[in-house]
Amino acid sequence: MADILQLSETAIKISVDIPDALSMVNEAAANVEGFAHDIAVIYEKMPLFDYTNFCFYAYNSAQLFQRMLGMDPREYTSFSLDAPDGFFYTLYGGMAALYPQAQSVLAEEK
């Protein structure tokens, strides 16, 4: 489970690992319709960030991330994310598997 360390009233440090990525993948798989945007953005944009420097907030795709955390890091002025490369690779692989379903959902919404 993600570890959230409050550094001050305005700053937190978030630490995640592979099980957290699996949690995000499982959550997305259980509700592809609800997370279709996040799935598509993560799959399409992670390569641009070399997979391991992805920012969930860059493309308004943090709903799934926040669900895994159980909170919204934007409630703080500053937050950092400490995650091994395996977290991002696992997340990307899961989103790749769900991408066709997400694309179908997004196409129906248009």
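One-based numbering along the sequence shown.
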Donor-acceptor contacts under 3.5 Å from residues 12-21 side chains, at least two apart:
residue : atom : partner : partner atom : Å
Asp20   : OD1  : Ala2    : N            : 2.8
Asp20   : OD2  : Asp17   : N            : 2.8

Considering only distance and modelled atom types, tabulate donor-acceptor pairs under 3.5 Å from the side chains of residues 45-59, sequence neighbours left out.
residue : atom : partner : partner atom : Å
Thr52   : OG1  : Asp50   : O            : 3.4
Tyr57   : OH   : Gln66   : OE1          : 3.0

- Message: Pair Tyr76, Ile4 - check side-chain contact (heavy atoms from CB on, under 4.5 Å), show working.
- Response: CA-CA 12 Å; Tyr76 295 86; Ile4 302 168; over 6 Å; no
- Are Leu5 and Phe79 in one and the same hydrophobic cluster, where Ile, Leu, Val, Met, Phe, Trp and Tyr link if side-chain heavy atoms are under 4.5 Å apart?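 No, no single cluster joins them.
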- Should Leu22 and Tyr92 be counted in the same cluster of Ile, Leu, Val, Met, Phe, Trp and Tyr side chains packed under 4.5 Å apart?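 The answer is no; the residues belong to distinct hydrophobic clusters.
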- Message: Ignoring hydrogens, what is the shortest heavy-atom contact between Phe65 and Leu81? Give both atom names and the distance.
- Response: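 For Phe65 and Leu81, the tightest heavy-atom pair comes out as CZ-CD1, 4.2 Å.
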- What are the two closest non-hydrogen atoms of Thr90 and Val25, and how far apart are they?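 Where Thr90 meets Val25 most closely, the heavy atoms are O-CG2, 4.1 Å.
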- Task: List in chain and number order the residues that pass side-chain contact (heavy atoms from CB on, under 4.5 Å) with Ser8, two or more places apart in sequence or in another chain; answer none if no residue qualifies.
- Result: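 Only Thr10, Ala11 meet the side-chain contact (heavy atoms from CB on, under 4.5 Å) criterion with Ser8.
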- Message: If I take atom CD1 from residue Ile39 and atom CE from residue Met24, how far apart are they, to the nearest 0.5 angstrom?
- Response: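 Result: 10.0 Å between the selected atoms.
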- Message: Quick check for you: to the nearest 0.5 Å, what is the distance between Leu64 atom CG and Leu91 atom CG?
- Response: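 If we round to the nearest 0.5 Å, Leu64:CG and Leu91:CG are 7.0 Å apart.
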- Message: Heavy-atom count check: over 12 atoms from other residues, nucleotides or ligands less than 6.0 Å from Glu33 CD?
- Response: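 Result for CD/Glu33: open.
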Solution key, residues 94-109 side-chain donor-acceptor pairs under 3.5 Å, sequence neighbours excluded:
residue : atom : partner : partner atom : Å
Tyr99   : OH   : Glu44   : OE2          : 2.5
Ser104  : OG   : Pro100  : O            : 3.3

- Item | Pairs where residues 58-75 contributes a residue and the test salt bridge (Lys or Arg N to Asp or Glu O under 4.0 Å) is met, not counting sequence neighbours |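 Those involving residues 58-75 are Glu27-Arg67, Asp72-Arg74.
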- Query: Taking only residues two or more places apart in sequence, or in another chain, which ones meet Asn31 in a side-chain hydrogen bond (donor to acceptor under 3.5 Å, both in side chains)?
  - Reply: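 Applying side-chain hydrogen bond (donor to acceptor under 3.5 Å, both in side chains) to Asn31 gives none.
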